[in-house]
Amino acid sequence: MNTSNFKIIFFALLLMIINTIKTRAQNTKKPNIIFIMTDDQSAVVPLDSEKRIQSRPFRFNGDKEVHTPIIDDLAKNGMIFNSAYVSSSVCVPSRYTMLTGRYAGRSEGPAFMRMHPKGTMTRVENNTEIEKDKPNLPRLLQEVGYKTGFVGKSHIVEHNIVNNKKNWTKNGFQTYAKNADPNDPAVSKKMYENHQKWTEVIKEYGFDYANGVYAGNLREQYNDSLNVHNIEWKNKAALEFIDENKKDPFFLYYSETVPHGPAPYNMKNGKYFRGLDSNPKFTGEGLVDADYSYLPTREEIKEEVKNLDKKVAHAWLRWFDHAVGAVVDKLKAEGIYENTIIIITSDHGNYNGGKTSLYESGTKVPLMMHWPNGIKPNQEYNELVQNIDFTPTFLNLAGIKLKTVKSKLDGVSLKKVLKGTKKPVHDYLFFEMGYARSVMTKDWKYISVRYDKQKQNRINRGLTFKGWKGAELQYPYYTRNGHLGNIASKSSAFYFDADQVFDLVKDPRETENVFKDNKEKAEELKKLLTKSLMLFPNRPYAEFVK
């Protein structure tokens, strides 16, 4: 062998060895975690007879009316969870659970404790808060070397400021009129300063980075012009976080605002005025003239969907799909795609008004996970999983032994599921929403509706309750929010029934309450509910737990 050939072979072998070492290092390195969440998106596919324009699930959920090729490709080359649920079907408690691994009824946030002192029944709704003095997912990940980032909707801290503009000034926030114009530099400056202040507030809860932030829903900016969705603005912040932290393992909480109201699919004067036809310069920090040329224009997105002969009302899904694609492209460009787990889900459903109910329309959500280094392609998991499982799963993947975590974790790690096991991780799931509590197995669901002593006394005396727009009710809504309660109560004929049992195999749409005809099954499910309620110390619930 001549010297020249020897050198070629030698360097080829050396290159192979180097690549092998790099691959092994990549495979053993702690994975990056990008948790992407939509808002109010159900996994329930509308029936053919359903004419109402509303939120749709992804195509990987079986909805052929939508166009989400990027997300669907991630799902196909990863794992689709066909029985994924949240434990509370409204924004705040669901997000609390995702970021703590604890049921929302365990919250010890100041607002929640003021409403529910120890020894009283809880009424879980948009009143839970991440605690300042307790472990949570980002804080625990920081302890093992992760950089943590927050982009998008918060709605989990400082409710006294978010929900009451009167508290802005006393807490250092700038005020402006509801009809103030962000094109006015003085107005936009106030909006910018408020946004910067919110990013600092959020960092106090375990995040190294916060940008592209909304303190609550869009309406909680209390400005008509800012009450619009802006996917590009948040997406740019997500890419910035990845760029700044690509050399370290990182966790990114990326919380979208679509399709929560103002619905991006609603039209006015022929325009999707809160969605794709809104002003792209209007953001959560006022007027921002940024370069989003790496994404298709909004007009191009609408035209693309139209040319596919699909309803442009659902083009908001493709809008979001392109944002996910930008994240994927960034990961690939930085050489960290293979070792990044991408999770796409929703905080809860809202099919046909099921939000703040415990029906499938409110609790069942889309869920997929993609991780080239850790999940084989074309995987489906059909067993029960819940949002209580996210925190223990991510901690486990980061190398943290769950037994060492100094915090109650109600969920379980899905690490073995991601590796391929098809065995169930839950025999049943527990749910809580206002005055309702529920348990479900794969085949059956039981929902109980019970009231605190004060409300029950009113009911016993024959007194009525004030409903939405002055309606007179025999029983109160589950939640204090009359608007949501009114919609949810119209989503099912059984909403106010004290005891509800559904055969999910025969009746997956929960159209028939079979409680009276299945007393034995009802008693079996009641025992599971009692077992779950015992997990909450000093929290009574009617006859189940005194």
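Every value quoted in this text rests on a predicted model; they were computed, and no experiment measured them.
The six-membered or imidazole ring of H195 lies near that of W233, with a centre-to-centre distance under 6.0 Å.
Under the salt bridge (Lys or Arg N to Asp or Glu O under 4.0 Å) rule, E304 has a single partner from R298, R318, K310, which is R318. Under the side chain to side chain contact (heavy atoms under 4.5 Å, CB included) rule, K153 has a single partner from E220, K234, H260, E256, which is H260.
Salt-bridge formation is not detected for the pair E65/K311: no Lys NZ or Arg NE/NH1/NH2 atom is positioned less than 4.0 Å from an Asp or Glu carboxylate oxygen. Here E193 pairs with K189 in a salt bridge; the nearest charged N to carboxylate O distance falls below 4.0 Å. A salt bridge links D277 with K302: at least one charged nitrogen is closer than 4.0 Å to a carboxylate oxygen. Ion pairing between a basic and an acidic side chain is recognised when a charged N comes within 4.0 Å of a carboxylate O; R102 and D410 show no such pairing. A salt bridge links K178 to D224: one of the charged nitrogens lies within less than 4.0 Å of a carboxylate oxygen. We find that K330 and D243 are joined by a salt bridge, their nearest charged nitrogen and carboxylate oxygen being less than 4.0 Å apart.
The aromatic rings of Y337 and H370 sit tilted, their planes meeting at an angle between 30° and 60°. A tilted orientation is assigned to the rings of H483 and W468, their planes being inclined by 30° to 60°. Using bins of under 30°, 30° to 60° and over 60° for the plane-to-plane angle, the ring pair F241/Y209 lands in the tilted bin.
Side-chain contact annotation: S94 with D347, donor-acceptor N/O pair under 3.5 Å absent. The closest side-chain donor-acceptor pair between N126 and H155, if any, does not fall under 3.5 angstrom. Under the 3.5 Å distance criterion, with hydrogens and angles disregarded, no donor-acceptor pair is assigned to the side chains of N350 and S55.
Heavy atoms only, all atoms of each residue included: V385 and L429 are closest at O-CD1, 3.9 Å.
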